J.: 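Please find one structure pasted underneath; my questions will follow.
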2 protein chains.
Amino acid sequence: MRNKVVACPVETTLLLINDRWKVMILRELLDGTKRFGELRKAIGTVSAKVLTSHLRSMEEDGLVDREIFAEVPPRVEYTLTELGNSLKPILDAMKDWGTNYQEMVTVEVEQPKV
Amino acid sequence: MRNKVVACPVETTLLLINDRWKVMILRELLDGTKRFGELRKAIGTVSAKVLTSHLRSMEEDGLVDREIFAEVPPRVEYTLTELGNSLKPILDAMKDWGTNYQEMVTVEVEQPKV
DNA sequence: CCGAATCCAGTAGGATACTG
DNA sequence: CAGTATCCTACTGGATTCGG
């Protein structure tokens, strides 16, 4: 596992999840274990190449576990590690803020009707 | 102000702060109003062009206010709007996580000494 | 001092085809 | 199904120069 540390704690966090895709992957895996295909479908628009590379990176960083099942057709499952799960408060904060923002914007848009 | 909204609240948040630089700008401005030069120095390694473009984007999104002083030499100050300040919980969560991670990694590194 | 304009390199990320 | 390999495009961001 790579250790990424800089002086500022916020920057340290950014070194691990500075990326839109990584946040999306976290969002999905916080719900529980998912297969590669499920993950890709859930995120919506992401190529296999990009999804794979980000999952590998998160694996190296100790955020994600990868389990391969020797079956036909093959099955690969991704699960958050304890460290990965510990990022939940950040995702929750983002979810809360996004929810409030959406409501605020919706109200603003509806105002003119009055 | 642009209204950026998608179905998922987390993604909505990402539309506004999907970027390393924007998070860094937020971190600095949560401390209070700063001049362009102060901001640039505090962030460390960022070109004027990139800093400017991100500040403009955040202005359009209603996160940042820009105040120009007609002086010589010119002075431009950036301040978070109420909306910008409302992102503080997310930054706090990132700071908390980063702090814990740094401590964890430090302990791991020191273990072999024993 | 703030920042706009231009040029340029590196890279993120999509499309496609192929494999175990 | 879950990737890998290759090719290609578009954007990010730095460096530099110039202006108010």
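As the structure is a computational prediction, the values presented were derived from the model and not from experiment. Keep in mind that the numbers below use all heavy atoms, side chains included, and drop hydrogens, waters and symmetry copies. Naming convention: chains lettered A, B, ... in sequence-line order (proteins, then strands); numbering from 1 in each chain.
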J.: Just how far, in rounded Å, is C1' of C:dA4 from CZ of B:R66?
T.: 11 Å
J.: Check residues 32-39 of chain A and write down every donor-acceptor pair under 3.5 Å in which the side-chain atom is one partner and the other belongs to a residue at least two apart or another chain.
T.:
residue	atom	partner	partner atom	Å
A:T33	OG1	A:T79	OG1	2.9
A:K34	NZ	A:E28	O	3.2
A:E38	OE1	A:R35	N	2.7

J.: From C-beta outward on B:V50, which listed nucleotide comes closest to its side chain: D:dG14, C:dG14, C:dG3?
T.: D:dG14
J.: Distance to the ring centre below 6.0 angstrom and angle to the axis at most 45 degrees; does that hold for B:R66 and B:Y78?
T.: no
J.: Atom NZ of A:K22 and atom C1' of C:dA12: how far apart are they, to the nearest Å?
T.: 13 Å
J.: Please name the pair of heavy atoms, one in B:H54 and one in B:D19, separated by the smallest distance, quoted to 0.1 Å.
T.: NE2-OD2, 3.2 Å
J.: Testing the basics here: between B:N18 and B:L14, what is the closest heavy-atom pair and its distance to 0.1 Å?
T.: CB-O, 2.7 Å
J.: Could you tell me whether a side-chain N or O of B:R40 sits under 3.5 Å from a main-chain N or O of B:V46, the two making a donor and an acceptor?
T.: yes
J.: Of the residues in residues 24-45 of chain B, which ones touch DNA chain D at a heavy-atom distance under 4.0 Å?
T.: B:T45
J.: Round to a whole Å and report the spacing from CD of A:E67 to C1' of D:dC1.
T.: 16 Å
J.: Using whole Å, what does the distance between atom C1' of nucleotide C:dG3 and atom CD of B:E59 come to?
T.: 13 Å
J.: Indicate whether any N or O donor in one side chain lies under 3.5 Å from an N or O acceptor in the other, for B:K95 and A:T13.
T.: no
J.: Round to a whole Å and report the spacing from CG of A:N18 to C1' of D:dG13.
T.: 15 Å
J.: Are B:H54 and D:dT12 close enough that a side-chain N or O sits under 4.0 Å from OP1 or OP2?
T.: no
J.: Determine the minimum heavy-atom distance between B:V23 and B:M94, stating which atoms define it.
T.: CG1-CE, 4.1 Å
J.: Can you measure B:L51 atom CG to C:dG3 atom C1' for me and round it to whole angstrom units?
T.: 10 Å
J.: Determine whether a donor-acceptor pair (one donor, one acceptor, N or O, separation below 3.5 Å) exists between the side chain of A:K49 and the base of D:dG3.
T.: no
J.: Which heavy atom in A:I25 sits nearest to a heavy atom in A:L51, and how many Å separate them?
T.: CD1-CD1, 3.8 Å
J.: Between A:L80 and A:L26, which heavy-atom pair has the shortest distance, and what is it?
T.: CD2-CD2, 3.8 Å
J.: Quick one: label A:R20 by what it contacts on the DNA or RNA (base, sugar-phosphate, nothing), any heavy atom closer than 4.0 Å.
T.: nothing
J.: At less than 4.0 Å, is any side-chain N or O atom of B:R56 found next to OP1 or OP2 of C:dG3? Yes or no.
T.: yes
J.: Is there a residue in residues 69-79 of chain A whose heavy atoms reach under 4.0 Å of DNA chain C, and which residues are they?
T.: A:P74
